[in-house]
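A short worksheet on the structure shown next.
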Amino acid sequence: MGGFWSAFRPAYFVDSVYDIDPEWLRKRRLRALLVDVDNTIMPRNQSAPGTQLKDWAGSLREADVSLVVISNNWSSRIKVIAHELDLEVIAPAGKPFRAAFTKGLDMLGVPAAETAIVGDQVFTDVLGGNRAGLASVLVPPLGAVDLVHTRVLRVLERVLLRRLAGQVLRDGRWSAT
Ligand SMILES: [Mg+2]
């Protein structure tokens, strides 16, 4: 499966955002991140960032990695979370459409080729990021709570990831088929 389908293929699979540290980024010549919120850094039903998440954002900032939060969620909860993490935010973003990615790159001040999008969804985070020229990084969804239309897309996602990249989720971790 190539051509059209390659737009849906994540550049990288990681088991958690915490696997993304300054060293991981440096090796891949990346120095900025657009970060999804729901089921990427926090479950949908959680609204206060924990210590581990705050420390993660802080350690990236200390290493001069720029971060901007990018979420399709329209609720004020996203802005509160971004504020708690001391990060700028684009929400609602309208991923996978390009406008939000262009705006995000503008806010980061870093070229697309040196920027990654980190998210849990193929049809918003990965597709949008790939089309905008970013490195797409897919994490397993953190929580079991998804919107109804997301639950439908999850089924398609699993099929695509298996066929495009030979990756399946086992016990919440990526695993080669
Ligand atoms: Mg998400």
Side-chain angles (χ1 to χ4, degrees), residues 1-2 5-61 63 65 67-73 77-78 81-82 85 87 93 95-96 114-132 134-177:
M1 288 171 90
W5 294 104
S6 61
F8 297 92
R9 185 188 299 125
Y12 303 105
F13 290 81
V14 300
D15 290 326
S16 159
V17 290
Y18 302 118
D19 292 346
I20 302 169
D21 59 19
E23 180 63 15
W24 190 97
L25 292 166
R26 196 159 34 239
K27 279 184 186 157
R28 291 159 182 85
R29 296 170 183 273
L30 299 166
R31 57 188 178 97
L33 293 179
L34 293 178
V35 186
D36 175 53
V37 175
D38 289 323
N39 286 339
T40 295
I41 56 171
M42 292 175 55
R44 279 192 73 85
N45 52 8
Q46 189 184 316
S47 49
T51 310
Q52 189 183 16
L53 186 56
K54 286 183 176 170
D55 288 351
W56 178 73
S59 67
L60 288 172
R61 192 180 301 116
V65 175
L67 275 101
V68 166
V69 164
I70 184 167
S71 172
N72 280 2
N73 198 321
R77 168 177 155 276
I78 299 296
I81 290 167
L85 294 171
L87 297 174
K95 295 172 287 184
E114 294 171 70
T115 303
I117 166 81
V118 185
D120 69 302
Q121 284 194 54
V122 168
F123 298 101
T124 54
D125 305 310
V126 171
L127 176 62
N130 284 349
R131 291 202 312 203
L134 285 72
S136 52
V137 186
L138 189 67
V139 297
L142 276 180
V145 186
D146 269 323
L147 297 174
V148 173
H149 73 266
T150 306
R151 286 206 296 269
V152 175
L153 291 175
R154 289 284 182 210
V155 178
L156 291 171
E157 235 175 51
R158 297 294 145 85
V159 175
L160 268 178
L161 292 173
R162 176 186 283 267
R163 296 199 54 182
L164 279 174
Q167 293 285 329
V168 292
L169 273 177
R170 281 199 194 100
D171 301 323
R173 304 176 69 85
W174 297 116
S175 174
T177 49

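From a predicted model like this one, the values you see are computed outputs, not experimental measurements.
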Measure the [atom1]-[atom2] distance between [X] and [Y] for me, rounded to the nearest 0.5 Å.
X      : Y      : atom1 : atom2 : result
Leu34  : Ser71  : CG    : OG    : 12.0 Å
Leu127 : Phe8   : CG    : CZ    : 5.0 Å
Thr177 : Arg163 : OG1   : CZ    : 11.5 Å
Leu87  : Leu67  : CG    : CG    : 5.5 Å
Leu60  : Ile20  : CG    : CD1   : 8.5 Å

May I ask you to test the [X]-[Y] pair for a side-chain heavy-atom distance under 4.5 Å?
X      : Y      : result
Leu25  : Leu33  : yes
Gln167 : Pro10  : no
Val35  : Ile41  : yes
Ile117 : Val137 : no
Leu138 : Val122 : yes
Gln121 : Glu157 : yes
Ser59  : Asp21  : no
Thr40  : Leu142 : no

Can you give me the closest heavy-atom contact between [X] and [Y], atom names plus distance?
X      : Y      : value
Leu30  : Ala135 : CD2-CB, 4.0 Å
Arg158 : Pro141 : NH2-CG, 3.9 Å
Pro140 : Ser16  : CD-N, 4.5 Å
Arg26  : Glu23  : NH2-OE1, 2.9 Å
Ile81  : Gln46  : CD1-O, 4.3 Å
Pro96  : Arg131 : O-NH2, 3.8 Å

Which of these, Asp36, Thr124, Asn72, sits in a side-chain hydrogen bond (donor to acceptor under 3.5 Å, both in side chains) with Lys95?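 Considering Asp36, Thr124, Asn72, a side-chain hydrogen bond (donor to acceptor under 3.5 Å, both in side chains) with Lys95 is found only for Asp36.
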Are more than 12 heavy atoms, taken from residues, nucleotides or ligands other than Arg173, located less than 6.0 Å from that residue's CZ atom?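 Check fails, neighbour count at 12 or below.
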ring-ring contact (aromatic ring centres under 6.0 Å, His included) partner of Trp24, chosen from Tyr12, Tyr18, Trp56: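 With Trp24 as partner, Tyr12, Tyr18, Trp56 yield a single ring-ring contact (aromatic ring centres under 6.0 Å, His included), made by Tyr12.
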Start with the C-alpha gap between Val37 and Val69, add the side-chain angles, then the distance that decides, and say whether side chain to side chain contact (heavy atoms under 4.5 Å, CB included) holds. CA-CA 7 Å; Val37 175; Val69 164; 3.3 Å; yes
Just grab all the ring pair (Phe, Tyr, Trp, His ring centres under 6.0 Å) pairs involving residues 153-177, residues at least two apart or on different chains.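 Checked against ring pair (Phe, Tyr, Trp, His ring centres under 6.0 Å) - neighbours excluded - the pairs reaching residues 153-177 are Phe13-Trp174.
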Go through it in stages, so that I can follow the logic: the residues are Phe123 and Leu156, the test is side chain to side chain contact (heavy atoms under 4.5 Å, CB included), and I'd like the CA-CA distance, side-chain angles, deciding distance and then a yes or no. CA-CA 9 Å; Phe123 298 101; Leu156 291 171; 3.9 Å; yes
Closer than 3.5 angstrom, by distance alone: can the side chain of Ser136 be matched with the main-chain N or O of Ala11 as a donor-acceptor pair? yes
Do you know which of Asn130, Leu134, Asp120, Val139 makes side-chain contact (heavy atoms from CB on, under 4.5 Å) with Asp125?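 For Asp125, the side-chain contact (heavy atoms from CB on, under 4.5 Å) test succeeds with only one of Asn130, Leu134, Asp120, Val139, which is Asp120.
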